[in-house]
Amino acid sequence: MTTGLIAVGAGLAIGLAALATGWAQARIGAAAVGALLEKPESLGTMIILLVIPETLIIFGFTIAILILTTLK
(Lines give C-alpha, C1' and ligand atoms only; values in the text may rest on other atoms or scores of the structure.)
Protein backbone atom coordinates (compact mmCIF):
# COMPACT_ATOMS: atom_id res chain seq x y z
CA MET A 1 0.00 0.00 0.00
CA THR A 2 2.73 2.50 0.93
CA THR A 3 4.78 1.66 -2.15
CA GLY A 4 1.75 2.30 -4.33
CA LEU A 5 1.15 5.70 -2.76
CA ILE A 6 4.79 6.64 -3.28
CA ALA A 7 4.49 5.69 -6.95
CA VAL A 8 1.28 7.73 -7.27
CA GLY A 9 3.03 10.72 -5.69
CA ALA A 10 5.95 10.45 -8.09
CA GLY A 11 3.59 10.10 -11.02
CA LEU A 12 1.63 13.16 -9.94
CA ALA A 13 4.84 15.16 -9.57
CA ILE A 14 5.95 14.52 -13.12
CA GLY A 15 2.46 14.45 -14.65
CA LEU A 16 1.35 17.76 -13.21
CA ALA A 17 4.67 19.33 -14.16
CA ALA A 18 4.18 18.12 -17.74
CA LEU A 19 0.66 19.54 -17.86
CA ALA A 20 1.87 22.90 -16.54
CA THR A 21 4.68 22.93 -19.10
CA GLY A 22 2.30 22.24 -21.96
CA TRP A 23 -0.16 24.88 -20.80
CA ALA A 24 2.58 27.50 -20.37
CA GLN A 25 4.14 26.77 -23.75
CA ALA A 26 0.79 27.01 -25.47
CA ARG A 27 0.14 30.44 -23.96
CA ILE A 28 3.66 31.72 -24.60
CA GLY A 29 3.71 30.31 -28.14
CA ALA A 30 0.47 32.04 -29.07
CA ALA A 31 1.73 35.33 -27.67
CA ALA A 32 5.10 34.89 -29.37
CA VAL A 33 3.53 34.43 -32.79
CA GLY A 34 1.57 37.64 -32.33
CA ALA A 35 4.64 39.51 -31.17
CA LEU A 36 6.76 38.18 -34.04
CA LEU A 37 4.27 39.48 -36.57
CA GLU A 38 4.65 42.97 -35.13
CA LYS A 39 8.38 42.81 -34.37
CA PRO A 40 10.25 40.10 -36.34
CA GLU A 41 13.66 40.97 -34.85
CA SER A 42 12.57 39.59 -31.46
CA LEU A 43 12.82 35.95 -32.59
CA GLY A 44 15.73 35.13 -30.24
CA THR A 45 13.89 36.47 -27.24
CA MET A 46 10.78 34.50 -28.13
CA ILE A 47 12.75 31.27 -28.45
CA ILE A 48 14.26 31.82 -24.99
CA LEU A 49 10.82 32.53 -23.55
CA LEU A 50 9.51 29.30 -25.09
CA VAL A 51 12.33 27.26 -23.55
CA ILE A 52 11.89 28.58 -19.98
CA PRO A 53 8.78 26.46 -19.19
CA GLU A 54 10.78 23.33 -20.02
CA THR A 55 12.49 23.76 -16.68
CA LEU A 56 9.20 22.87 -14.97
CA ILE A 57 9.33 19.33 -16.28
CA ILE A 58 12.95 19.01 -15.18
CA PHE A 59 11.92 20.08 -11.67
CA GLY A 60 9.02 17.60 -11.74
CA PHE A 61 11.33 14.82 -12.86
CA THR A 62 13.82 15.67 -10.13
CA ILE A 63 11.09 15.66 -7.47
CA ALA A 64 9.80 12.32 -8.74
CA ILE A 65 13.29 10.83 -8.52
CA LEU A 66 13.68 12.22 -5.00
CA ILE A 67 10.31 10.79 -3.95
CA LEU A 68 11.15 7.37 -5.35
CA THR A 69 14.65 7.20 -3.88
CA THR A 70 14.16 8.75 -0.44
CA LEU A 71 10.74 7.40 0.61
CA LYS A 72 10.82 3.68 1.18
Heavy-atom nearest pair, A17 first then I57, reads C-CD1, 4.0 Å

Please answer: with hydrophobic residues joined when any side-chain heavy atoms are less than 4.5 Å apart, are L49 and V33 in the same cluster?
-> no

Linked, directly or transitively: I47 and L50 (ILVMFWY side chains, under 4.5 Å) = yes

Here the gap from I52 atom CD1 to T21 atom OG1, rounded to the nearest 0.5 Å, amounts to 12.5 Å

In this structure, CG of L16 is separated from CD1 of I63 (nearest 0.5 Å) by 10.5 Å

Between S42 and A35 the two heavy atoms that sit nearest each other are OG-O, 4.4 Å

Closest non-hydrogen atoms of A64 and A13, given as atom of the first, atom of the second and distance, are N-CB, 4.3 Å

How many angstroms lie between CZ in F59 and CG in L66, if you round to the nearest 0.5 Å?
-> 12.0 Å

How long is the gap from CD on E41 to CE on M46, to the nearest 0.5 Å?
-> 9.5 Å

Separation between CG (L19) and CD1 (I14), nearest 0.5 Å, reads 11.5 Å

Here the gap from T70 atom OG1 to I6 atom CD1, rounded to the nearest 0.5 Å, amounts to 8.0 Å

Verify same cluster id: I65, L71 (apolar side-chain graph, 4.5 Å) = no

Shared ILVMFWY cluster between L43 and I28, side chains joined below 4.5 angstrom?
-> yes

